[in-house]
Amino acid sequence: KTLAELHPEWIFTSFSAALMYGLWVPYSRLNPIRICAPNAPYRRRSKHLWVSRLAPTDVHLEGEANVTGLCQTLLESALDAPVHLALPTIDSALRYLLISREDLLEYAQREGYRRRGIGRARAAFAHADGESENGGESMVRGIIIELGFMPPTMLQVELPDPLGQGHAYRVDMLWELDGGRCVIGEVDGAKKYKDADCLKEGVRYIPKINKFYFEGVSREAGFYFDNHREAFAALIDKVSGRGTWASNPWVVVYEFELVK
């Protein structure tokens, strides 16, 4: 918004415009700022600013900033990034009922002819799903698609609790396989680990002094923690490098089932 006030002639596009629309934008796409200036003498790409000479097909005013129309914003975002980074922005537009998948595909067919990355953009539009609840889930789904695996059949599916009548669990992703079998996928950051999970990973409790520590270190002053999460955070940083816990990285969990 500050840049819009300083440069009222700027027209924001791609992920910069998506941010103005209130859509999900991956951190890695917050910079550089992306604007279109069809009358600029040349294209410019620097660490902080990308200037495109592409003419905006439609201009809207969002929060006192000029932005490209929603369709063009989403198309430029999809052309500008791999599927797993474009999908959160597109999913959120569908989730907020701002546009339909069909309209996006039609727009890409009409305006994306011979544009670099149009095949990737169409793939992102085709797999977009407004049922995604956050950008993290969208990114994981995009990675699955990029790797060539089967995408989830459904998102945010409620399943009955077999031990609690009238209760249900909701899962992030569900794959329906041949033979009636299902596979469930959950997307959680490291900070969602609970007490029991931390204890399974090697955190230990000393009731006598009401402190926690993690296995593999000398139990001496400086290695005791007031709660399980502090101990687990220290363990993660020791194994994966300082600052890993604070960055809340992706956690991949594999569960194996013996099929007889």
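Atom set for the values below is all heavy atoms of this structure, side chains included, hydrogens, waters and symmetry mates excluded.
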Run the numbers on D58 and Q72 for side chain to side chain contact (heavy atoms under 4.5 Å, CB included), then give the verdict.
CA-CA 8 Å; D58 192 13; Q72 186 174 7; 5.6 Å; no
Using only atom types and a distance under 3.5 Å, with no angle test, would you say the side chain of W175 pairs donor to acceptor with the backbone of I184?
no
Using modelled atom types only, decide if a donor and an acceptor are shared between the side chain of H7 and the backbone of L3 within a distance under 3.5 Å.
no
Checking side chain to side chain contact (heavy atoms under 4.5 Å, CB included) for the pair L49/I33: CA distance, chi angles, key distance, verdict?
CA-CA 5 Å; L49 182 67; I33 302 298; 4.1 Å; yes
V187 and M173, any side-chain heavy atoms less than 4.5 Å apart:
yes
Single-linkage hydrophobic cluster, 4.5 Å side-chain cutoff, F15 and L23 together:
no
Side-chain H-bond candidate by donor/acceptor type, S77 with T89, under 3.5 Å:
no
Mark yes or no for whether R120, through its side chain, and L79, through its backbone, hold a donor-acceptor pair below 3.5 Å.
yes
Pairwise distance CD1(I90) to CZ(R95) - rounded to 0.5 angstrom:
16.0 Å
Between E146 and H84 (side chain of the first, backbone of the second, donor and acceptor by atom type, cut-off under 3.5 Å), is there such a pair?
yes
For residues R101 and A128, report the shortest heavy-atom separation together with the two atoms involved.
NH2-O, 2.5 Å
Would you say the side chain of I35 lies within less than 4.5 Å of the side chain of S16, judging by non-hydrogen atoms?
no
Please step through salt bridge (Lys or Arg N to Asp or Glu O under 4.0 Å) for the pair E133 and R170, ending with a clear verdict.
CA-CA 12 Å; E133 284 200 332; R170 191 170 58 150; 2.7 Å; yes
Using side-chain heavy atoms (C-beta onward) and a distance below 4.5 Å, is E64 in contact with E5?
yes
Which heavy atom in T73 sits nearest to a heavy atom in A18, and how many Å separate them?
CG2-N, 3.5 Å
Strictly distance-based, threshold 3.5 Å: is any side-chain N or O of T244 a donor or acceptor partner for the main-chain N or O of G241?
yes
For the atom pair CH2 (W24) and CE (M139), what is the distance rounded to the nearest 0.5 Å?
12.5 Å
Can any side-chain N or O of R34 pair as donor or acceptor with the backbone N or O of P32 at less than 3.5 Å?
yes
Just how far is it from atom CG of L19 to atom CG of L30, taken to the nearest 0.5 Å?
6.0 Å
Walk me through whether W50 and D80 qualify under side chain to side chain contact (heavy atoms under 4.5 Å, CB included).
CA-CA 11 Å; W50 282 13; D80 195 19; 3.1 Å; yes
Non-hydrogen atoms of A234 and F225 that approach each other most closely:
CB-CZ, 3.4 Å
Polar side chain donor-acceptor pair, S100 to D103, under 3.5 angstrom:
yes
Is M154 close to E176 at the side-chain level, that is, under 4.5 Å between some pair of heavy atoms?
yes
Taking all non-hydrogen atoms of both residues into account, name the closest pair between A108 and R122 and its distance.
O-NH2, 4.1 Å
Would you give the length of the straight line joining atom CG of L177 to atom OG1 of T153, rounded to the nearest 0.5 angstrom?
7.0 Å
Are V157 and L155 connected, step by step, through hydrophobic side chains (Ile, Leu, Val, Met, Phe, Trp, Tyr) whose heavy atoms are closer than 4.5 Å?
no
Donor-acceptor check, side chain of T13 to backbone of C36, threshold 3.5 angstrom: yes or no?
no
Student check: side-chain heavy atoms of F12 and Y21 closer than 4.5 Å:
no
Would you say I99 ends up clustered with Y107 if hydrophobic residues are merged whenever their side chains have heavy atoms under 4.5 Å apart, either directly or through other cluster members?
yes
Is it possible for you to say whether L75 and M20 belong to one hydrophobic cluster, with membership spreading through side-chain heavy-atom contacts below 4.5 Å?
yes
What are the two closest heavy atoms between V83 and G142, and how far apart are they?
CG1-CA, 4.2 Å
When you look at L70 and H60, which way does the side chain to side chain contact (heavy atoms under 4.5 Å, CB included) test go after all the steps?
CA-CA 9 Å; L70 184 61; H60 288 246; over 6 Å; no
The reported gap from NE2 in H48 to CG in N31 (rounded to nearest 0.5 angstrom) is 7.5 Å
Hey, does V59 have a side-chain heavy atom less than 4.5 Å from the side chain of V67?
no
Quick one: closest heavy-atom pair of A78 and A86, and the distance?
CA-CB, 3.8 Å
Same cluster or not: are L94 and L74 linked, directly or through other Ile, Leu, Val, Met, Phe, Trp or Tyr residues, by side-chain heavy atoms under 4.5 angstrom apart?
yes
Would R141 and D91 count as a salt bridge (Lys or Arg N to Asp or Glu O under 4.0 Å) if you check the C-alpha gap in whole Å, the side-chain angles of each, and the deciding distance to 0.1 Å?
CA-CA 11 Å; R141 209 170 80 255; D91 280 352; 3.0 Å; yes
In the structure I gave you, are the side-chain heavy atoms of T68 and E76 within less than 4.5 Å of one another anywhere?
no
Are the side chains of D172 and N134 in contact, using a 4.5 Å heavy-atom criterion?
no
Interatomic distance, F125 atom CZ to L105 atom CG [nearest 0.5 angstrom]:
7.5 Å
